[in-house]
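In what follows, a structure is listed as structure tokens, so that the remarks can point back to it.
This chain uses plain numbering: 1 for the first residue, then up along the sequence.
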Amino acid sequence: MNPTISTLMRRPVHSAGMDDSVADVEALLADKHLTWVPVVEPGRGEVVGVVSASDLVAFHAQGRDAAATRAWQMCSYKPIVVDAAMPVSMVAALMVERGIHHVVVTDRNGIAGVVSSLDFVRTFMPSH
């Protein structure tokens, strides 16, 4: 049996706009207790990148200004976007092959959910 990635994805999805300041992205992550968010193009809602906590650490290590820098200027581009019907095993293989920790899941309506490597780890936890 090979379940689809939709069985692991998390909802609701919070995202940042391309023109949001890095300070706004950080506030969103803190407020929603997230470690990453997709960055979307305004209007179309197309995913153009992701901003993760590790991206923010690197950003601040460079001494850059979070209020003056926009999400599109520091996000990781070309994130993996997969269909909600894709088998979990294929998504896992893609993540390992590309050395990434985050995947955006879409369906015919746009972004349906998100999956991180931590979501895969959670599948091994005993039920409470």
For residues 53-60, tabulate all N or O donor-acceptor pairs below 3.5 Å that involve a side-chain atom, not counting sequence neighbours.
unit_1: Ser54; atom_1: OG; unit_2: Ser52; atom_2: OG; d: 3.0
unit_1: Asp55; atom_1: OD1; unit_2: Ser76; atom_2: OG; d: 3.3
unit_1: Asp55; atom_1: OD2; unit_2: Ser52; atom_2: N; d: 2.9
unit_1: Asp55; atom_1: OD2; unit_2: Ser52; atom_2: OG; d: 3.2
unit_1: Asp55; atom_1: OD2; unit_2: Ser76; atom_2: OG; d: 3.3
unit_1: His60; atom_1: NE2; unit_2: Glu26; atom_2: OE2; d: 2.5

Distance from [X] atom [atom1] to [Y] atom [atom2], nearest 0.5 Å?
X	Y	atom1	atom2	result
Thr4	Met90	OG1	CE	12.5 Å
Leu118	Thr35	CG	OG1	7.5 Å
Glu97	Ile80	CD	CD1	8.0 Å

If every non-hydrogen atom of [X] is compared with every non-hydrogen atom of [Y], which pair is closest and at what distance?
X	Y	result
Gly113	Val13	CA-CG2, 3.3 Å
Gly49	Cys75	CA-SG, 4.0 Å
Gly17	Ala71	O-CB, 3.5 Å
Val115	Met9	CG2-CA, 3.5 Å

[X]: which residues meet the side-chain contact (heavy atoms from CB on, under 4.5 Å) condition with it, sequence neighbours left out?
X	value
Leu34	His14, Leu29, Lys32, Val37
Val40	Ser15, Val47, Ile111
Asp83	Ala85
Met18	Val39, Glu41, Pro42, Val48, Trp72

*Can you list the residues that meet the ring-ring contact (aromatic ring centres under 6.0 Å, His included) rule with Trp36, with sequence neighbours excluded?*
His102
If two hydrophobic side chains count as joined below 4.5 Å and joins carry through other members, does [X] share a cluster with [Y]?
X	Y	answer
Val103	Val114	no
Ile100	Val105	yes
Val81	Val50	yes
Val25	Tyr77	yes

Pairing residues for [X] by the side-chain hydrogen bond (donor to acceptor under 3.5 Å, both in side chains) criterion, not counting sequence neighbours:
X	value
Thr106	none
Thr69	none
Asp24	Ser21

_Pairs involving residues 60-82, ordered by first then second residue, that meet salt bridge (charged side-chain N to carboxylate O under 4.0 Å, His left out) (sequence neighbours left out)_ = none
_Can you list everything that forms a salt bridge (Lys or Arg N to Asp or Glu O under 4.0 Å) with Asp119? Sequence neighbours excluded, please._
Arg10, Arg122
_Arg108: which residues meet the salt bridge (Lys or Arg N to Asp or Glu O under 4.0 Å) condition with it, sequence neighbours left out?_
none
